[in-house]
Amino acid sequence: MTTSLRTELGDITTFEVDAIVNAANSSLMGGGGVDGAIHRAAGPSLLEECREIVRRQGGCDTGDAVITAAGDLPARHVIHTVGPVWTGDAPEEHDRLLASCYTRSLELAEQHGLASIAFPNISTGVYGFPKPRAAQVAIGAVESAVARLESVTDIIFVCFDQENLDLYRHHLGDGLETH
Ligand code: APR
């Protein structure tokens, strides 16, 4: 199975893929940044579905992920994952939790037989994860998961700023990276 990894600059709410990944918080009740943009674009049904998940299982742990429909978004699903807040101590633990956001999101995409998934640069905004380190952790986690993927064939890292785009392009090259 060939899986393509690529990076694009843009607003993840505009991507017409099987799933976009939301950099949520553990309450799943929305927020600012990409979380706010996704909930605004999806409409109130997204928050209602998140409320149902919270009623059923409580919130979402850091490093874990949950999947919902996508309301008015062009994507079919939203995978909500909670990245670590960068505090500077225990950096290896932060790396592990950030990598888990990517691998758990891919696991959910596989369980739902999805083919295409778009990731934002999780934890690099409000949560303050250093962008160079986050890019390496994200790409490393996805590359190590690729061999196990069967339904996911198209992975897009959606960057919202030039710094992240340059970092991802440095690691991925300008073209497609296929495995
Ligand atoms: N499309 C793609 N990427 C975006 C968008 C967008 N529309 N809006 C913001 N981003 C980028 C930011 O520039 C950053 O690079 O998403 C990345 C993640 O930043 P945040 O959204 O701040 O997420 P994070 O750092 O993981 O912090 C999560 O912020 O919004 C709250 O509820 C959220 O508490 C949670 C926290």
Side-chain angles (χ1 to χ4, degrees), residues 5-44 46-51 53-54 58-68 70-88 90-91 93-106 108 116-139 141-142 154-172:
L5 275 58
R6 60 192 162 98
T7 187
E8 291 192 32
L9 187 68
D11 173 350
I12 202 166
T13 65
T14 66
F15 279 68
E16 192 168 349
V17 288
D18 289 336
I20 60 172
V21 176
N22 180 22
N25 60 60
S26 54
S27 76
L28 295 178
M29 290 295 104
V34 70
D35 196 5
I38 287 174
H39 275 277
R40 271 194 304 280
L46 188 63
L47 187 59
E48 191 38 53
E49 199 171 344
C50 289
R51 281 204 183 98
I53 290 173
V54 170
C60 182
D61 293 335
T62 299
D64 200 358
V66 296
I67 188 168
T68 65
D72 300 328
L73 285 161
R76 289 175 51 217
H77 295 275
V78 179
I79 293 174
H80 309 258
T81 191
V82 180
V85 179
W86 181 262
T87 58
E93 177 62 5
H94 292 331
D95 292 351
R96 186 187 67 78
L97 288 168
L98 183 60
S100 173
C101 288
Y102 289 87
T103 51
R104 274 294 294 138
S105 296
L106 288 169
L108 283 178
S116 54
I117 183 169
F119 286 100
N121 309 129
I122 299 165
S123 279
T124 67
V126 167
Y127 281 1
F129 209 107
K131 292 179 179 177
R133 192 181 182 111
Q136 280 194 299
V137 168
I139 292 168
V142 171
D154 187 13
I155 300 172
I156 309 165
F157 294 102
V158 179
C159 299
F160 203 56
D161 58 76
Q162 192 63 44
E163 181 186 359
N164 266 316
L165 183 68
D166 294 342
L167 286 164
Y168 276 76
R169 289 251 158 104
H170 171 71
H171 290 291
L172 286 178

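Basis for what follows: all heavy atoms, side chains included, without hydrogens, waters or symmetry-related copies. Ligands are counted one by one from 1 in listed order, and the atoms in each one are counted from 1 as well.
Selection from N22, D35, T13 by nearest heavy atom to atom 32 (O) of ligand 1 gives D35. Nearest-heavy-atom check against atom 18 (C) of ligand 1 across I20, V34, I122, N121 picks out N121. For atom 25 (O) of ligand 1, the nearest non-hydrogen atom from the set A24, C101, G125, A23 comes from G125. Distances from atom 7 (N) of ligand 1 to the heavy atoms of T81, D11, V82, V126 put D11 nearest.
Nearest heavy atom pair, residue D18 against residue R76, reads OD1-NH1, 2.9 Å.
When side chains are defined from C-beta on, K131 counts as touching D161, because their heavy atoms get closer than 4.5 Å. S123 has its side chain out of reach of W86: every pair of non-hydrogen atoms, C-beta onward, lies at least 4.5 Å apart. With contacts defined as side-chain heavy-atom distances shorter than 4.5 Å, the pair F15/V158 qualifies. Two residues are said to be in side-chain contact when any heavy atoms from C-beta on lie closer than 4.5 Å; I117 and V17 fail this criterion.
Near A37, the atoms of ligand 1 lying under 4.0 angstrom from a non-hydrogen atom of the residue are 7 (N). Which parts of ligand 1 touch G31 is read off a 4.0 Å heavy-atom cut-off, strictly below it: atoms 30 (O), 32 (O).
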List the steps and the verdict of side-chain contact (heavy atoms from CB on, under 4.5 Å) for H80 and C50. CA-CA 9 Å; H80 309 258; C50 289; 3.7 Å; yes
Could you give me the CA-CA distance, side-chain angles and deciding distance for V54 and M29, then say whether side-chain contact (heavy atoms from CB on, under 4.5 Å) is met? CA-CA 9 Å; V54 170; M29 290 295 104; 3.9 Å; yes
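For atom 36 (C) of ligand 1, the closest non-hydrogen atom on the protein side is Y127 CE1, 3.4 Å. Annotation: atom 3 (N) of ligand 1 to nearest protein heavy atom, F160 CB, 3.4 Å. Annotation: atom 15 (O) of ligand 1 to nearest protein heavy atom, T124 OG1, 3.0 Å. Regarding atom 26 (O) of ligand 1, its nearest protein heavy-atom neighbour is S123 N, 2.9 Å.
Distance alone, capped at 3.5 Å, places no donor-acceptor pair between the R104 side chain and the G63 backbone.
Residue V158 has no N or O atom closer than 3.5 Å to an N or O atom of ligand 1. Below 3.5 Å of separation, one finds no N or O of G36 facing any N or O of ligand 1. The shortest N or O to N or O distance between N25 and ligand 1 is below 3.5 Å. The N/O atoms of I12, backbone and side chain alike, include one that comes under 3.5 Å of an N/O atom in ligand 1. Polar contact with ligand 1: present for G32 (N/O pair, distance under 3.5 Å).
Only the side chain of N164 comes within 4.0 Å of ligand 1, counting heavy atoms alone; its backbone N, CA, C and O stay farther away. The proximity of C159 to ligand 1, defined as any non-hydrogen pair under 4.0 Å, does not occur for either the backbone or the side chain.
A heavy-atom separation below 4.0 Å is not found between G83 and ligand 1. Residue contacts with ligand 1: G10 is included, with a non-hydrogen atom under 4.0 Å away.
Ring geometry, F129 versus H94: the interplanar angle exceeds 60°, so the pair is classed perpendicular (tilted spans 30 to 60°).
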